[in-house]
2 protein chains.
Amino acid sequence: MSQTVDRALSILPLLAEGPANLEQVAGRLQVHKSTALRLLRTLHEHGIVHRQPDQRYRLGARLFALAQEAVENLDIREIAHPYLAELNAACGHTVHLAVYEEDEVLYIDKVESRYPVRMYSRIGKPVAITVAAVAKLLLADLPEPERRAVAERLDYPRYTSRSTSGPAAFLAELAKVREQGWATDLGGHEESINCVAAPVRGADGRAVAAMSVSAPNVVVSAEELLGLLPLVRRTAEAISAEYAGQPPPGAPAGGFPGPAGASPSVSPSPSVSPNPPPPRKSSKKAAP
Amino acid sequence: MSQTVDRALSILPLLAEGPANLEQVAGRLQVHKSTALRLLRTLHEHGIVHRQPDQRYRLGARLFALAQEAVENLDIREIAHPYLAELNAACGHTVHLAVYEEDEVLYIDKVESRYPVRMYSRIGKPVAITVAAVAKLLLADLPEPERRAVAERLDYPRYTSRSTSGPAAFLAELAKVREQGWATDLGGHEESINCVAAPVRGADGRAVAAMSVSAPNVVVSAEELLGLLPLVRRTAEAISAEYAGQPPPGAPAGGFPGPAGASPSVSPSPSVSPNPPPPRKSSKKAAP
DNA sequence: ATGGGCGTTGCACAAGCTGCAACAAGATTT
DNA sequence: AAATCTTGTTGCAGCTTGTGCAACGCCCAT
């Protein structure tokens, strides 16, 4: 849209390939040297490109700083919430979002079940780290040595007969989870409650959060809940894409995403046809 | 130099602070909405900014990708990392690697302290250039006239009573640092935090980076930290040697500088006997 | 319904960008 | 050492291109 800016930005991927001098840049841009010079100078003033001692231009460290700052200010919860709500609308069950931090996994967001029977949980509360599906995903993503170290120093309370028994069993479970890219908790915390979970990944592929759908088996059987897995995974991936700042799938580079509609909409609603009971009052409000 | 590009680039740091809508952007840029729109569109087409479902703009995936490439081109980082990790393993404190670029000193790598009390810092963040030990080393290495010029145009915030007071004091400090080949920051940025730093030099002797060990004095006194100086210097020299293409110590003499094979190992571990406590939970806040 | 907020569009004007050509400074060759 | 080539830099005239205005449309809240 703006020729000048367009040209300037075209310099960046070019420099990403490696350092280049003024003439090379001008050549690749198909503009006069003086034009390229002015663009490079502007980029330089902003620290986006850096001038090497040999006068050639490179991408600058400032770029790195910008990206870093942006990532830090990214709020997974804010980004994820509409997707959680949508998922909840689709299946009616409790949806959680959790992050790992300092040997703990914390729920940071939640959309309440619309069924009368609900599971108990609280935003900000540490989850049962050895059994929760979201915890398994987040720990499974840690680098091997740390994963092992954490597994060793955890406690393994026997909430139920199906709770993880100890470090060995836990590490084995983590390996499986890591492999398959999703996790479950079938009665490991509360005898009658099951969960399925999927990871939300950042631009670098690391798991920044995990989300789960939980329901007591008086409402849906474990098998039925597992039927939601594809939807859960798809939702998690949609959040990941959004979190990484990727353009929505429909948009071929350059074009506009169109009317940009509005809501997340993971995909033209999934094959799962839920039977959400008459909505209870839902707690739209996030949390402290 | 180029007004249009200048304005477009000014949008980036603004969006790094968090998502913003068209009006906010136009406001901060002091331009008409339509102008801001065109700039944002151009940035959008290049994938530099991303449009959220709520129509607000934030930095996009391509910027992250570019930043990644930019930092990968800084091969010091790659070479140095194992040494930083080793140093951290030896002393338990936070280890930083920083480079100088365009009147700024940026952290480009970091290995976290294993003590519960940590200092705050962020990769990609510009450091307090007038007081940080790494900054002193990098600036001390500039040729005299430039060093003076930079010193003149810096600000000298008084973070603490021991912060550098102004250009004269700073230049004196730089001269001393240049002379002795290492630097400290004893409470110049945060009253309770000390650092010791040493330079990483390229084949031509110029400082290409600097590394530091930082610790709050509730953990170790300044004197104890200074005791680490020999180790820090030896590590920096090991990195310098490898960066300059010399075979890592382990390799048979005369061989290839090659893939650098295995582990760093600065020297048969130093006299410093650390007592790194097992990490406990600290109260770092999650996503707001 | 009505009004306000916000993004989007078309357009006339001139600001600013573009490319040219000449200049400067090193490096390389004769 | 002089000549020549290469590459970055500057000033400028012309006109492309970006700018701000005002009007429009859409959506949400009242």
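So you know, we letter chains A, B, ... as the sequences are listed, proteins then strands, and number each from 1.
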Atom-to-atom span, [atom1] of [X] to [atom2] of [N] - whole angstrom:
X: B/Tyr57; N: C/dC6; atom1: OH; atom2: C1'; result: 11 Å
X: A/Asn21; N: D/dT6; atom1: CG; atom2: P; result: 13 Å
X: A/Leu22; N: C/dG19; atom1: CG; atom2: P; result: 13 Å
X: A/Leu39; N: D/dG8; atom1: CG; atom2: C1'; result: 15 Å
X: A/Gln3; N: D/dT17; atom1: CD; atom2: C1'; result: 7 Å
X: A/Met1; N: C/dT8; atom1: CE; atom2: C1'; result: 11 Å
X: B/His32; N: C/dG7; atom1: NE2; atom2: C1'; result: 12 Å
X: A/Glu23; N: D/dT6; atom1: CD; atom2: C1'; result: 8 Å

> B/His81 and B/Asp109: side-chain hydrogen bond (donor to acceptor under 3.5 Å, both in side chains), yes or no, with the steps?
Replying inline: CA-CA 7 Å; B/His81 190 84; B/Asp109 202 3; 2.5 Å; yes
From the set [options], return the single nucleotide nearest to any side-chain atom of [X].
X: B/Thr4; options: D/dG18, C/dG19, C/dG7; answer: D/dG18
X: B/Leu37; options: C/dT8, D/dT9, C/dT18; answer: C/dT8
X: A/Lys33; options: C/dT18, D/dT19, D/dG8; answer: D/dG8

Does OP1 or OP2 of [N] have a side-chain N or O of [X] closer than 4.0 Å?
X: B/Arg41; N: D/dG18; value: no
X: A/Arg38; N: C/dT18; value: yes
X: A/Ser2; N: D/dG18; value: yes
X: B/Thr35; N: D/dG18; value: no
X: A/Gln55; N: D/dG8; value: no

> How do A/Gln24 and B/Arg7 order along DNA chain D: which one's closest nucleotide is nearer the 5' end?
Replying inline: A/Gln24
> Going by atom types only, do A/His50 and B/Glu102 share a side-chain donor-acceptor pair under 3.5 Å?
Replying inline: yes
>> Please check this pair: side chain of B/Asp155 against backbone of B/Pro157, looking for a donor-acceptor N/O pair closer than 3.5 Å.
In response: no
>> If we ignore hydrogens and angles and just use 3.5 Å, is the side chain of A/Asn73 paired with the main-chain N or O of B/Ala16 as donor and acceptor?
In response: yes
>> Classify A/Ser34 by what it touches in the nucleic acid, base, sugar-phosphate, or nothing, heavy-atom distance under 4.0 Å.
In response: base
> Across the strands shown, which category fits A/Arg56 at heavy-atom distances under 4.0 angstrom: base, sugar-phosphate, nothing?
Replying inline: nothing
> Can you find a heavy atom in the side chain of B/Asp6 that is under 4.5 Å from one in the side chain of A/His46?
Replying inline: yes
